[in-house]
There are 2 protein chains.
Amino acid sequence: MTTTKTINLKNRPKGSPTITDFDFTTAEISELKEGEVLLSTLYVSVDPYLRGRMSDAPSYVPPFKLNEPISSGIIAEVLESKSENLTIGDKVIGALQWKETQLAKAENLRKVDPDKAPLSTYLGIIGMTGLTALLGLKEIGKPKNGETLLVSGAAGAVGSVVGQIGKILGLRVVGIAGTDEKVDMLKSEFGFDEGINYNTTENMIQAIQNTCPDGVDIYFDNVGGEISDAVLFNINKFARIIICGAISVYNNTETPKSLSVQPFLVKKSALMQGFIVADFADKHPEGVQQLATWLQEGKLKYKETIVEGFDNIPQAFLDLFEGKNKGKMVVKI
Amino acid sequence: MTTTKTINLKNRPKGSPTITDFDFTTAEISELKEGEVLLSTLYVSVDPYLRGRMSDAPSYVPPFKLNEPISSGIIAEVLESKSENLTIGDKVIGALQWKETQLAKAENLRKVDPDKAPLSTYLGIIGMTGLTALLGLKEIGKPKNGETLLVSGAAGAVGSVVGQIGKILGLRVVGIAGTDEKVDMLKSEFGFDEGINYNTTENMIQAIQNTCPDGVDIYFDNVGGEISDAVLFNINKFARIIICGAISVYNNTETPKSLSVQPFLVKKSALMQGFIVADFADKHPEGVQQLATWLQEGKLKYKETIVEGFDNIPQAFLDLFEGKNKGKMVVKI
């Protein structure tokens, strides 16, 4: 039997995950069955939401099992096929395991075209990342021309796309990020109107007020915590707050506390809604089409942080919580 | 010149308001002008939201001015009229001042019919209270038959109506209140399926789970604070949380802290929205009609706590924060 490198979940992290929570091991590859393909992993997506799956608290996706492989969005190449729909050399995307080589049912995979767009972008700008940005902003944010959009985690994978789509839709766009370099990038590369470096800003409430003089109509929240508390002081009547993620509190060991949002929401008749891209599956095909078109037209730019090497997948994931990525974090095998 | 008893705002309260924040004084009544009427106050509505207007922090309604009369929803009788639309003896409703006698423009008043419903109910069940319950539940809660509705401040003016409308719409309804007597009333008088006394319950998370075994689909929140924190652990996927009030934190001197709601909302794709009845003015006439019909059909019951005497208006207001009212608190002059 052939074996493959594999990365299992070793421990459920308490607080911040560390490299010792992962088990670098090998697994056997069983025989190819009818309807299956043998895959070689090409690109692995690492995403903050995976932190939730490492715990066994109830969430919108089931937790990873201990001593079993972690999985995420992966682009792979077909090495062998016992499916009519896929042939050797095809590139596919799917929710796959952190293994160098693996079997998968063809029906759970979608073919991607490397001539249409770089393979890694199917995990990012024209994949779940882009769809999260587009559908979160449109379906919950309901943007209207001339409104002010504030984005936290703005230099991250989703945030950088949200801001650009905001500009396409005619919004004033302000981004919050953690270094001056990132803030510069928001403005020079992604067309944000203004940026705030939360690490060097003493008074976030004031900084948001200064950069959003007409108040905040839409807040696309990737971070939660104190940054999001400060935003509440600046929301306009009928503001929409899209809760896409809360990376700042994912590693908390206690249920995190922050400002009571209720008084702010009632004062401003504001809406706050959790967004999960999977809930809008019926809008994915149209969304991907829209993103691909904008990309081709040069209206959307994307940034990737590509880490190389299978063994570096866990570290790349850990680096997300240090903000070491600019744009989408992907591991190339 | 004639004078009238009047109650002014003396101090902006820090924390809980006290009786010394009010100034019992007299004011002059100027001459009746064209288009005006002279009114004698009959019923005065006292409501938790008035606390917000006593501070000068920005809110959805402008703050009261110091050393000027407080105002709220009032039912009055026309004593003299220089308006074509109102004659002596007419009963009217309007946002009026805490004065025994006052002038008002007829155009800002609406005639009410004492033969159709008791006068005080125009301030309650078929007034803003009923509309708040009906429109908050329908427009934000979007109830579906068979879902579970949880109501905090359930024995209060709005809460007791919310629960009854929930039953009319086919929901399982659970109420949270502060005494056993109130909890009994919810079940025996208002048809709630279950009730929780938060003052005698040690583990609110568990109590909500026990009384809402299928989870909470809609949470109508009148109180905020720790009670609402406990609800978050019990919300279902796609839950809707209507933030109608946050009486538990209105008197806090510091911006209150509570659990970070963001992780809960994103895990459950849940919505939380501030509700202010004035935002839905276009739906008021139809709503009043619906409430009046249910009332006539005996499907809606209402409870009033009627305090007597003009000088008792401030104390009745203060008693709201002690939960001394059952149902709508009204002062009869």
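In what follows, chains are A, B, ... by sequence order, proteins preceding strands, each numbered from 1. If you're wondering where the values come from, they're calculated on a predicted model, not measured in any experiment.
Contact between B:K267 and A:I276 at its shortest, heavy atoms only, is O-CD1, 4.1 Å. Of all non-hydrogen atoms in A:L271 and B:L271, the two that sit nearest each other are CD1-CD1, 3.9 Å.
Between chain B and the options A:D229, A:I140, A:D279, A:I242, heavy-atom pairs under 4.5 Å are most frequent for A:D279.
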Q | side chain to side chain contact (heavy atoms under 4.5 Å, CB included) evaluation trace for A:L265 with B:Q273 | A | CA-CA 6 Å; A:L265 296 184; B:Q273 192 169 351; over 6 Å; no

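Counting non-hydrogen atoms of neighbouring residues, nucleotides and ligands closer than 6.0 angstrom, the CD atom of A:Q206 exceeds 12 such neighbours. Atom CD of B:E68 has more than 12 heavy atoms from other residues, nucleotides or ligands within 6.0 Å.
Of the residues A:D221, A:V223, A:I241, the one that meets the side chain to side chain contact (heavy atoms under 4.5 Å, CB included) test with B:Q262 is A:D221.
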